[in-house]
Structure formats: structure tokens, C-alpha cells
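Heads up: the structure comes next, in C-alpha cells.
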Amino acid sequence: MGKHEKKAGKGRLDKFYWLAKEQGYRSRAAFKLVQLNKKYKFLENARCCIDLCAAPGGWLQVASKHMPPGSLIVGVDLVAIKPIPRCITFAEDINSFKCRDQLRETLKDWRADIVLHDGAPNVGTAWVQDAYTQSELTLQALKLAVEFLSPGGTFVTKVFRSKDYNNLMWVFNQLFHHVEATKPPSSRNVSAEIFVVCQNFRNLSRIDPKFLDPRHVFKELDSGPMQGTSSHNLLENVVNPEKQRRKREGYEDGNYTLYKTIGADEYIRAVDPIAVLGTYNRITFQTEEDKALLKHAATSDDVKANCEDLKVLGRRDFSVLIKWRKAVRESLELDRPKAKETDNAQTTVEMEPLNEEEAVDEELSRLNEEAQKRARKERRKRNEARAKALQKLQLNMTTAMDIGEDWRDEALHGEDMFSLDAIEGRHAPRHASATELLDANDALEEDEDMDDENHNDDEEDDEDEDEREARLRELESNVDAMYEQYKDHLERKDAKFRAKEARRNSSKYEEWDGITQNKEDDDDEDSDEGPVARGYDAMNKRKFHEETYDSDDAEDDDGEREELESTAPAPSVKTCKAKKASASDPALLTNLESSNAAAQRQSAASAMWFDNPIFEDMVPLEDFVPETKDARDSTPSLGTEDEESSAQDEQEEDEEDEPETYGDDIELVPATTNEDLPDGEWNVHDEDVEASKQARIKQHGLQTAEAVSLAHALVNRQLTKTDLVNQGFNRHSFNDKAGLPEWFLEDENKHYRTNLPVTKEAVDALRARQRALDARPIKKVAEAKARKKHRAAMRLEKAQKKAEAINENTDLSEREKAENISKILARSGKKTEKKAPQLVVARGPNRGIKGRPKGTKGRYKMVDARMKKELRAQKRRDKRDGKKRSSGHKRQIPKGY
Ligand SMILES: C[S@@+](CC[C@H](N)C(=O)[O-])C[C@H]1O[C@@H](n2cnc3c(N)ncnc32)[C@H](O)[C@@H]1O
């Protein structure tokens with residue numbers, strides 16, 4: 001076998017191998033340092049680096065690439081390293097004094113900012129010994145690091161997971177402020193190696209040599225081979241006993257016994273037979289209970305022989321022992337659920353005992369089911385975790401770290417790498433999956449039919465589906481309830497929300513109110529006050545109303561308003577219809593259609609359109625209005641020639657499409673009679689429709705940027721009415737809203753709608769209009785001004801009366817009269833200053849007493865003796881008015897009470 005083939009056979013030619021080749025790194029190990037540095041960023045600021053065990057030089061290459069120019073990089077290895085630019089290398093054993101001396105000579109008075117160690121001793125003896133040698137080498141690297149590192153420096157080392165790992169970590173923690181173990185993605189999952197990054201080297205004046213002495217750091221080791229003891233290996237021992245275990249995981253903590261035995265009875269009663277078979281060497285028959293089992297019918301010679309030495313058994317032998325346990329447990333009724341027994345005590349039915357084969361099958365399928373269930377649960381958990389992580393990532397709550405993630409997941413199946421659970425064989429899911437394997441193997445050997453298993457799977461899936469649906473339903477109802485609560489809460493707290501809700505309830509499409517004609521509007525049109533506006537219109541109307549109510553300039557305002565309105569584009573009825581049609585709301589489109597065509601002459605497309613159940617409750621105004629050519633002719637236009645011709649064009653176009661719709665004869669259009677109308681529906685027969693429409697348009701104008709944009713487009717002949725109608729047939733048109741939760745529909749209303757084009761000109765026009773509106777004083781200001789005016793008038797009146805009285809006084813000379821009158825008039829123009837309230841401090845027993853303090857007249861204020869609050873408020877006022885505190889504001893001395 002060639003070298004290449006051998007490598008590939010071991011799965012070593014992975015992507016990092018090829019990447020290393022591609023990027024010119026000497027070893028794939030280079031990526032481990034790249035990834036470690038990406039996470040911890042220790043190379044960028046380092047000026048001096050020592051790489052222990054550096055051959056062939058991958059790490060040196062990375063260091064020289066990432067460290068600043070002019071840095072000192074030294075590499076040591078047992079074997080010589082081919083020269084690397086910017087790096088000094090020499091061949092030496094890092095355990096030797098010579099290595100230390102040479103390092104000292106090379107570094108001179110430099111201290112290293114970073115010491116790297118990726119050493120791997122020549123392994124191949126017993127795992128325990130290999131692991132120990134690695135740990136020793138790591139400790140030796142640490143020794144050198146301690147000697148050469150500068151305070152605050154970083155030590156990066158490879159360690160193997162073994163029982164010495166914790167001891168090493170303890171030592172690292174004594175010497176460094178921050179120690180973290182990680183496994184870069186480029187480190188193979190099958191490898192027991194892990195990397196420890198020790199940052200911020202402590203500035204210790206003296207280090208106890210015991211910290212760096214392997215005899216003290218590591219406990220005494222037992223030698224001798226031992227097959228893996230982790231949960232994984234236990235299972236592998238049973239499922240694939242023939243395979244040589246290569247996963248080195250060290251000894252179970254504190255248990256170095258090599259030969260373990262277990263009583264037969266204990267094995268039979270063990271909860272986890274797989275763990276027993278994987279751990280123990282022999283099943284003995286020493287106690288009374290064990291001996292009784294020897295006489296059991298199921299205890300064949302085969303079983304007895306297998307119990308003698310578990311370590312030499314094959315898959316089939318283990319299977320025999322599991323079946324034996326099963327049979328014995330059946331006969332001892334160990335598996336029968338106790339609760340059921342008592343429940344069914346009254347109605348026990350004699351069952352034919354299962355034969356051995358059936359019992360085994362049953363047990364196997366049970367184990368299988370359990371394993372599948374657990375696997376599914378795990379998978380679900382993993383997916384949930386992944387979804388959470390993804391969500392966090394999307395919300396920028398975390399950053400993607402491509403390092404150290406996978407060693408928790410794939411390599412160890414979600415277990416913590418150093419979890420003692422794994423070593424002690426307490427992880428049920430792992431056992432289960434091994435059981436599954438064993439079952440599968442047995443099934444293959446014994447040619448069992450897999451259909452049963454599939455059937456079980458299907459049933460299981462169905463159950464799961466039901467469960468999931470039930471959960472989903474529950475979740476949905478919870479969400480609905482929570483949404484209701486949320487809305488209640490908002491309604492209670494937020495006045496804006498209340499107003500919004502009220503608007504929403506009164507009109508779903510308020511933004512189109514300027515044009516939409518519905519029952520309520522038209523009802524209101526009958527009233528003296530004209531049509532009732534809602535939403536934006538209502539706000540504007542209120543504003544106009546408020547302004548004119550108290551203001552002295554009411555007349556001016558009206559004039560201005562008219563002016564403002566006249567500047568806003570007054571759309572023709574046609575434009576308005578087009579606007580409706582263009583809206584995402586199908587109802588609006590309905591109005592347009594129906595106004596243009598009589599119901600019985602709808603085209604096939606419009607018939608289909610009106611078949612939609614969403615139109616069931618909708619009776620658009622136009623359905624009742626016979627629209628004649630005459631009427632259309634009288635339609636007010638925007639006044640330009642262009643517009644008129646555009647309107648005519650559209651009309652002609654429509655006539656071509658649907659000739660009957662626009663017939664001259666009014667009798668061709670089906671007129672809806674009063675009787676046809678639903679109760680309470682507005683009858684427009686006696687109304688001057690066009691006049692009312694015009695009035696509405698005059699009053700409201702176009703309220704949204706979309707409407708104005710569309711109006712512009714129509715006027716400029718960029719769009720025709722037919723275009724708008726066609727655009728109305730879109731993916732939003734036939735949304736089936738049945739059965740959808742309210743919160744979803746509300747959300748849809750906001751976002752799931754056609755994006756109508758908005759032009760800059762339209763937005764500018766609306767903005768200009770809004771600015772003009774905003775520039776007017778609000779009601780309160782107007783009221784205050786009026787009050788002020790009124791007060792001034794009253795003062796003047798008073799002064800006039802006084803002046804008249806003085807004038808009539810015959811006792812005074814003319815000069816005195818003039819002096820007095822001018823004084824009075826001068827005073828009348830001034831505001832009378834408010835007297836400051838008297839400050840009162842309640843002391844002793846008076847504290848907390850309510851009501852006016854005794855002996856206080858006029859305005860008063862209860863204060864604290866220190867008046868902290870008042871002084872602070874005064875400071876704030878001064879600051880706001882830009883005055884100094886001292887100016888004009890003397891501190892009042894509070895009166896005691
Ligand atoms: C995995 S390689 C290092 C790879 C290196 N980091 C790279 O990127 O190319 C491990 C190296 O440790 C070296 N080594 C093992 N024991 C050593 C010791 N006692 N002194 C020096 N080097 C040693 C081996 O010669 C081997 O080249």
C-alpha cells in the first residue's frame with residue numbers, strides 16, 4: 001500500500017489537508033493555530049514567539065504571517081525544520097537543558113509574548129503511557145513558557161484528554177489569569193487532543209517548583225492495557241467486540257481495577273445490561289441467588305460458558321446473554337409494571353406465556369422503540385438549540401464562532417467532553433443507540449423482517465403528528481390569548497392605541513376616506529354639517545374647527561383654508577375611482593368596477609372577481625347609482641386640457657372594452673330600487689351625486705402620497721384606468737382570511753399589501769400642505785392669546801372708568817387730573833405681579849397635619865425646612881431662562897408652624 005493510499009485510508013486527507021497544500025502550509029496543523037488565533041487574537045500584538053515542537057513548521061508559518069514585522073519567532077523540534085522566512089529554528093529535545101540554553105541564547109534579553117506548544121511524543125505504547133508522556137511533555141513546555149514568558153503573556157498548548165487533564169488545568173490556572181480549553185474545527189474529532197489557551201501570565205515573583213514537577217502534578221499511574229471505559233466504549237465493546245478500540249479515554253476516575261466481576265443475579269436485575277456487559281470481565285454464580293439461576297431453564301451451557309469471560313465474547317455471544325437475561329426476568333416477572341398489576345388484579349386474564357423467541361423479539365422491539373424515541377427527542381432538542389442559535393445570530397445577539405463549536409456536538413454527540421457522566425456510563429441515550437446497533441446487527445444475522453420495525457415507525461410518527469398538532473393548537477390558543485391580553489394592556493395604557501383602535505373599528509380603510517363613499521358617510525352628508533370625516537380627515541377637520549372656534553382671526557383662517565384647499569389638486573371623480581382601483585383593497589376595486597359596469601353585464605373576469613366571498617357584505621355606492629354618460633360628462637375635471645382628454649380617452653377605451661356599460665340610454669343601466677337596498681342603506685336617488693362627490697373631494701382633496709402619485713400618473717397619461725384595474729388583480733386580491741388569527745390579520749393589514757408607487761412630487765405636495773397646516777397656532781395657543789387680549793381690554797375698561805371718575809372730580813386741578821389719569825393708564829398696561837405664596841414649615845407635632853396652617857393668610861405652600869426641592873426647581877428655572885440664580889430671586893424664609 002502506497003503512502004498516499006494509507007493516508008487516505010485513515011481518513012486523513014480531509015479539507016484542511018488540501019487547504020494546507022493549497023495555501024502553502026507545511027502541515028494541516030497550521031489551521032489549528034489559524035483558528036485559535038482567530039478566536040483569541042494572540043498573534044497580532046506579539047513581538048516574540050517561541051514555538052515548541054514546531055516541525056515541520058506549519059505553526060511557524062502562521063506566526064510569521066500574523067505577527068507584526070520585525071518580530072522574533074523561534075522554533076524548536078526534535079527534528080530539523082526547513083528554513084522559514086523570519087523564523088529562527090533549531091533541533092533539540094525540549095526536555096533537555098541544552099534546549100533551554102539555546103533558547104536563552106537566541107532570545108538574549110527578550111521575553112516571549114507567546115509560547116506555543118503542539119508537541120506530540122512518539123506514541124504507540126499503551127494508551128495510559130502515551131497520555132502520560134503527552135502530559136509530561138506539556139508540563140515541560142509549560143516549564144519553558146514560565147521561564148521565557150513576559151508577564152501578561154500567552155501560552156497555547158495541546159493536551160490529551162486523560163486523567164491528568166484536570167491536574168494540568170489546575171496548574172495552568174495557578175499561573176495564568178485566564179485559561180480556556182477549546183478544540184478548533186480543524187482538529188479531528190476522533191483525536192483526543194484539545195488545546196488550552198492560557199492568557200495573561202501572572203507576574204509571580206517565585207513559582208513553587210512543585211507546580212512544574214510531573215511527580216507532584218500527576219498522580220501515580222497504573223500501567224497495563226485496558227479497554228476503554230467510557231460509555232461510548234462500553235457500548236462499542238458489546239456491539240463490536242471484535243474491533244480493536246482506538247479511542248483512548250483513560251481510566252474511569254479512581255478505579256484502576258482491571259478485572260471486574262459481577263454476580264449473575266445482579267446482572268439480571270441491572271437496569272442497564274449493556275453497561276454491565278461492557279464493563280465487567282466475568283459473570284459469577286457465587287451467592288445463593290446466583291446459584292439458583294444456574295438451575296434456571298434458560299441458563300444453558302452456552303450461557304454459562306459466555307459468563308466465564310466477557311472480554312472474549314463476540315456479538316452473537318452477547319446477544320445470547322441478553323436473551324438469557326430477558327428470559328430470566330420474564331420468569332421472575334421483573335418487567336411487569338406493578339401499577340398495572342394492582343389495577344387489573346380483579347380482571348386478570350390467563351395469557352399464554354410467550355415462548356423464548358417471542359419474548360426476545362418483544363424485548364428487542366421494545367428496546368428499539370425506546371432508542372428511537374430517545375433519538376427523536378435528542379434530534380428535536382438539537383434542532384431547537386440550532387434554531388435558537390440561528391435566531392440569536394439573526395438578532396445580532398451573538399457572533400458566529402467557527403471555532404470550538406463542533407467538539408461539543410458531533411464529536412461527542414452533544415456531551416461535554418470532560419463530563420464524568422460519560423466515563424461512568426450514565427448516559428442512557430448513548431446506551432440506547434448502542435442497543436439499537438446491537439439489535440440491528442442481530443436482526444441482520446437472524447434475517448429478521450424489517451417490516452415490523454417500519455410499521456412501528458409509522459405508528460410512532462402518527463402519534464407524534466397528533467401530539468404535535470395538539471401542541472400546535474394549544475400554542476396557537478395561547479398566543480391568541482396573549483395577544484388579547486397585550487391589546488387590553490395597550491388599550492388601558494396607551495391613549496394613542498385606543499384612538500387607533502377606535503379609528504380602525506369605525507373604518508377599516510380610513511386612509512381612503514377622502515374618496516370612499518359608504519353608508520355612514522353618506523348618511524352624514526344629509527346632516528347640516530356635511531360629510532363626517534374620519535382619521536386623518538377628522539384630525540384636519542378638527543384642527544380647522546378648533547382654530548376658527550376661539551380665534552380672533554377666524555375669518556382669515558377660513559380664507560386661508562380655502563386658499564390652501566384650492567392649491568391642493570382637486571381630483572376628478574374619475575381620478576378618485578382610479579385611486580380606489582389602485583388600492584390594494586379589493587373592495588375599492590369593486591367600487592370602481594361596479595361604477596363602470598352594470599352588474600348583469602360584467603365580463604367573465606369581473607364576475608369571477610365578485611364571486612369572491614369578501615364582497616358578500618359589501619354594497620358599494622356605485623351599485624346603486626345609474627351612471628350615465630351625461631353624468632360622466634358633468635364630472636369635474638382638474639381643469640387642464642390634458643386631463644380632460646385623458647378622461648375622455650379612458651372613457652372611450654372602456655366603451656370599446658365594454659360597449660353596453662357606457663350606453664347612452666340610462667334605461668339600459670339597471671337602477672337599483674329602494675326596495676332592493678338593504679335596510680338602512682342610504683338611497684341616493686334623490687341626491688345630486690356629482691355635487692356631493694365634488695363637495696367631498698373639495699373638502700378632503702387627496703390625502704395620501706399614493707393617491708396623489710396615482711392621480712399624477714393618470715393626469716400625465718402614464719397610466720390608464722384599465723391599467724389600474726388590471727393591477728388590482730394581484731396576489732393580495734384573493735386572500736383567504738378565514739380561520740386566521742386576529743393578530744396575524746392585523747399584521748397582514750399593515751404589511752401584506754401592494755406597494756403603490758409614490759413619487760417625489762406627490763410627497764412634496766403633501767408635505768407642503770401639511771406644513772401649511774402645522775404653521776397655524778393650535779387651539780390652546782389661540783385661547784391663551786384671546787384670554788390675554790380680553791384681560792387687557794378689561795384692564796383698559798377699568799382704567800377708563802377710573803379716569804372718568806377723576807375727570808369728574810371737581811376738587812382736583814386740571815394738572816392733578818392729568819397726572820392721575822396718566823398714572824392709571826400706565827398702570828393699566830402693566831401686568832400685576834403675582835404675590836409669591838407664603839412658605840410654611842410644619843415642625844414637631846404639626847408634621848403631617850393637613851389643611852391651612854393657623855395664622856396664614858393668602859397663598860401658602862408647605863415646604864421642608866431645607867427647601868431642597870424648591871431650590872433645585874428654582875435652579876432649573878433659572879437655567880432654563882438663562883438667568884443666574886441670584887438675580888431677582890431671593891430665597892424666601894419659610895415660616896415655622
Ligand atoms: C504535531 S507535530 C507539530 C506540528 C507543528 N505544530 C506544525 O504546525 O507543523 C509534533 C511535533 O512534536 C515533536 N516532538 C515530540 N516530542 C518532542 C520533544 N521532546 N522535543 C521536541 N519536539 C518534540 C515531534 O518531532 C513533532 O514534529
Side-chain angles (χ1 to χ4, degrees), residues 488-499 542 545-547 549-552 777-813 815-897:
D488 279 356
H489 172 79
L490 273 188
E491 220 161 307
R492 261 183 277 119
K493 292 253 164 186
D494 192 347
K496 268 188 195 166
F497 180 80
R498 274 201 300 275
R542 266 201 304 278
H545 186 68
E546 281 165 4
E547 281 161 19
Y549 180 65
D550 269 346
S551 171
D552 297 339
I778 60 166
K779 183 187 172 189
K780 280 195 174 172
V781 177
E783 278 176 353
K785 276 184 186 168
R787 273 199 303 273
K788 204 171 157 189
K789 245 183 186 176
H790 177 70
R791 276 200 296 270
M794 295 297 284
R795 276 202 301 274
L796 204 67
E797 206 182 337
K798 222 171 155 185
Q800 257 174 345
K801 274 184 190 163
K802 276 185 188 171
E804 273 168 21
I806 287 168
N807 204 19
E808 280 162 17
N809 193 341
T810 46
D811 296 344
L812 295 172
S813 68
R815 193 178 164 177
E816 279 172 336
K817 277 182 190 173
E819 271 175 9
N820 283 342
I821 288 172
S822 59
K823 261 187 208 167
I824 287 165
L825 287 179
R827 237 182 286 143
S828 76
K830 276 185 195 165
K831 266 200 279 179
T832 44
E833 274 210 2
K834 259 189 193 173
K835 220 177 150 191
Q838 194 179 354
L839 304 178
V840 186
V841 183
R843 292 200 175 95
N846 291 323
R847 255 183 218 187
I849 284 182
K850 282 184 183 160
R852 179 178 285 277
K854 272 181 206 161
T856 320
K857 280 179 190 162
R859 293 169 67 210
Y860 73 95
K861 190 180 175 193
M862 302 302 295
V863 293
D864 179 85
R866 292 165 298 172
M867 288 182 58
K868 275 189 179 174
K869 212 169 96 186
E870 286 72 19
L871 290 173
R872 254 188 243 132
Q874 186 59 52
K875 263 188 196 172
R876 266 201 309 277
R877 276 198 296 274
D878 287 349
K879 202 173 166 189
R880 188 193 60 204
D881 301 341
K883 288 181 214 160
K884 280 191 179 161
R885 221 199 112 227
S886 55
S887 64
H889 292 282
K890 277 181 202 154
R891 185 184 166 181
Q892 252 187 291
I893 309 295
K895 180 190 160 196
Y897 168 59

Pairwise distance [atom1]([X]) to [atom2]([Y]) - rounded to 0.5 angstrom:
| X | Y | atom1 | atom2 | answer |
| --- | --- | --- | --- | --- |
| E870 | K861 | CD | NZ | 4.5 Å |
| L825 | K802 | CG | NZ | 10.5 Å |
| K780 | R787 | NZ | CZ | 9.5 Å |
| K798 | R827 | NZ | CZ | 11.0 Å |
| N820 | N807 | CG | CG | 11.0 Å |
| R872 | M867 | CZ | CE | 12.5 Å |

Legend entry - R852, CZ atom: more than 12 neighbouring heavy atoms under 6.0 Å: yes

Inset, instruction - For R859, look at atom CZ and say whether over 12 heavy atoms of other residues, nucleotides or ligands are found less than 6.0 Å away. - result: yes

Legend entry - Donor-acceptor under 3.5 Å (E816 side chain, S813 main chain): yes

Legend entry - Expected output: side-chain K817 to main-chain N809 donor-acceptor under 3.5 Å: yes

Inset, instruction - State, yes or no, whether a side-chain contact exists between L812 and I806 at a heavy-atom distance under 4.5 Å. - result: yes

[X] and [Y]: which non-hydrogen atoms are nearest, and at how many Å?
| X | Y | result |
| --- | --- | --- |
| R866 | L871 | O-CD1, 4.0 Å |
| P853 | M862 | CG-SD, 3.7 Å |
| A803 | I821 | O-CD1, 3.7 Å |
| R847 | A842 | CG-O, 3.5 Å |

Legend entry - Salt bridge E819-K823, side-chain N to carboxylate O under 4.0 Å: no

